[in-house]
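Just below is one structure, and these are the notes that go with it.
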Amino acid sequence: MNNYEVYIYTDGSCLGNPGKGGYGIVMQAPKYNYSKEFSQGYRLTTNNRMELLAVIIALEKLKNTTKVLVTTDSKYVVDAVTKKWVFTWVKKNFKDKKNADLWKRFLKIYPKHEIAFQWVKGHNNHPQNERCDQLAVAAANSTKLLIDEGYEVSIKPDNNTLF
């Protein structure tokens, strides 16, 4: 466990999918006896967007290049990176891929750090994952919801709308 300078734990939540959503982050730097939590809610989003956004926000908060372990219950995020799918998507300019805006944002921060990913089963009594889930759900239920512009702007109106 001491190989990493920073440990990032993340979770995303969506109340309905799509629906109100949020992310939760716990960041720890044991060498400095440091731990901090972050969360934010959005009025309309998807679970996968919140899972990915949590990782992005956490990585963006790092001030210095560092060795990081990201632990998440999102197979979507872990598999996309560890199986190198996202790098294939780049070559195809994200054609027909969801969340391209967030993946592009992720790829801007990804090379700045030495990042490993670890998947954990959600709701399985992993203390930091459980805390991230609590933060994400509370954020989704809060009254201070932001607009997920990357999602809401990309939604195409159905044929029944008048304008």
Side-chain angles (χ1 to χ4, degrees), residues 1-14 20-43 45-91 94 97-120 122 126-154:
M1 183 163 181
N2 291 339
N3 289 341
Y4 300 97
E5 295 175 52
V6 176
Y7 295 84
I8 295 173
Y9 304 89
T10 64
D11 197 16
S13 177
C14 208
K20 293 191 313 179
Y23 66 77
I25 301 166
V26 173
M27 295 178 70
Q28 298 176 333
K31 180 178 173 181
Y32 302 103
N33 198 26
Y34 179 83
S35 184
K36 189 135 186 185
E37 297 178 346
F38 305 93
S39 63
Q40 181 60 60
Y42 292 82
R43 71 180 192 182
T45 191
T46 67
N47 190 67
N48 280 344
R49 287 184 67 79
M50 293 296 96
E51 296 280 8
L52 179 53
L53 186 59
V55 172
I56 294 166
I57 295 293
L59 293 173
E60 288 175 344
K61 289 190 178 294
L62 296 173
K63 293 183 172 106
N64 300 307
T65 300
T66 189
K67 194 170 181 183
V68 181
L69 177 63
V70 175
T71 302
T72 178
D73 62 10
S74 172
K75 289 294 273 179
Y76 170 69
V77 172
V78 171
D79 286 352
V81 179
T82 62
K83 295 181 179 181
K84 304 192 183 315
W85 299 339
V86 68
F87 306 106
T88 302
W89 301 340
V90 169
K91 292 176 185 172
F94 294 92
K97 290 296 167 197
K98 293 181 179 178
N99 308 319
D101 62 316
L102 292 180
W103 283 114
K104 289 174 184 176
R105 185 171 165 188
F106 169 81
L107 289 168
K108 286 181 182 173
I109 192 76
Y110 179 74
K112 295 180 180 179
H113 305 284
E114 187 179 331
I115 305 169
F117 282 83
Q118 174 179 295
W119 178 80
V120 294
H126 183 285
Q128 292 91 340
N129 181 257
E130 293 294 334
R131 180 61 185 147
C132 289
D133 180 66
Q134 293 168 352
L135 291 167
V137 171
N141 280 316
S142 80
T143 57
K144 297 176 183 170
L145 300 176
L146 300 180
I147 297 171
D148 180 354
E149 293 184 21
Y151 182 74
E152 287 195 43
V153 172
S154 70

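Computed from heavy atoms alone, side chains included, the values below leave out hydrogens, waters and symmetry copies. Heads up: numbering here begins at 1 and tracks the sequence.
- Separating the CG atom in L52 from the CG atom in N99 is a distance of 6.5 Å, to the nearest 0.5 Å.
- A 6.0 Å sphere centred on NZ of K20 holds more than 12 heavy atoms belonging to other residues, nucleotides or ligands.
- For the pair V86 and Y110, the minimum side-chain heavy-atom distance is 4.5 Å or more.
- In this structure, T82 and W119 have side chains that are not in contact, with every pair of non-hydrogen atoms separated by 4.5 Å or more.
- Shortest non-hydrogen contact noted between A54 and I25 is O-CD1, 3.3 Å.
- Atom CD of E60 has more than 12 heavy atoms from other residues, nucleotides or ligands within 6.0 Å.
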**Message:** Go through it in stages, so that I can follow the logic: the residues are T10 and Y23, the test is side-chain contact (heavy atoms from CB on, under 4.5 Å), and I'd like the CA-CA distance, side-chain angles, deciding distance and then a yes or no.
**Reply:** CA-CA 7 Å; T10 64; Y23 66 77; over 6 Å; no
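- At least one side-chain heavy atom of L102 sits less than 4.5 Å from a side-chain heavy atom of L53.
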**Request:** Might you work through the side-chain contact (heavy atoms from CB on, under 4.5 Å) test for L62 and M27, ending with a clear yes or no?
**Result:** CA-CA 10 Å; L62 296 173; M27 295 178 70; 3.6 Å; yes
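- A pairwise comparison of heavy atoms in Y42 and L145 identifies N-CD2, 3.6 Å as the closest pair.
- Atom OG1 of residue T88 and atom NZ of residue K83 lie 13.0 Å apart, to the nearest 0.5 angstrom.
- Nearest heavy-atom pair, H113 versus I109, reported as atom, atom and distance to 0.1 Å: CD2-O, 3.8 Å.
- Without hydrogens or angle criteria, S39 side chain to A136 main chain gives no donor-acceptor distance under 3.5 Å.
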**Request:** Report the C-alpha separation of Q128 and Q28 in whole Å, then their side-chain angles, then the decisive distance to 0.1 Å, and conclude whether the side-chain contact (heavy atoms from CB on, under 4.5 Å) test is met.
**Result:** CA-CA 10 Å; Q128 292 91 340; Q28 298 176 333; 3.4 Å; yes
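- Y76 contributes atom OH, which lies 7.5 Å from atom OG1 of T46 (distance to the nearest 0.5 angstrom).
- Remark: D133 CG to E130 CD distance equals 6.0 Å, nearest 0.5 Å.
- Remark: the Q134 side chain and the R131 side chain contain an N/O donor-acceptor pair separated by less than 3.5 Å.
- Residue K108 qualifies as open at atom NZ: its count of foreign heavy atoms under 6.0 Å is 12 or below.
- Using a 4.5 Å heavy-atom threshold, the side chains of N48 and K98 count as separate.
- Ring geometry for W85 versus W89: interplanar angle of 30 to 60°, hence tilted.
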**Request:** In sequence, state the C-alpha distance, the side-chain angles, and the governing distance for E51 and D73, and then conclude on side-chain contact (heavy atoms from CB on, under 4.5 Å).
**Result:** CA-CA 8 Å; E51 296 280 8; D73 62 10; 3.3 Å; yes
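- Remark: K112 NZ is loosely packed, at most 12 non-hydrogen atoms of other residues, nucleotides or ligands lying under 6.0 Å away.
- What you find for K144 and Q40 is that their closest heavy atoms are O-NE2, 3.1 Å.
- In this pair, Y9 and H126 present their aromatic rings tilted. The plane angle is within the 30 to 60° band.
- At distances below 3.5 Å, not a single donor-acceptor pair connects side-chain atoms of Q118 with backbone N or O atoms of T71.
- The CZ atom of F38 sits 9.5 Å away from atom CD1 of I8, with the distance rounded to the nearest 0.5 Å.
- Taking CD1 of I147 as the start and OG1 of T45 as the end, the distance is 12.0 Å to the nearest 0.5 Å.
- Counting heavy atoms from C-beta on, the side chains of W103 and V81 come closer than 4.5 Å.
- Checking T66, N64, T65 one by one against E5, the side-chain hydrogen bond (donor to acceptor under 3.5 Å, both in side chains) holds for a single residue, T66.
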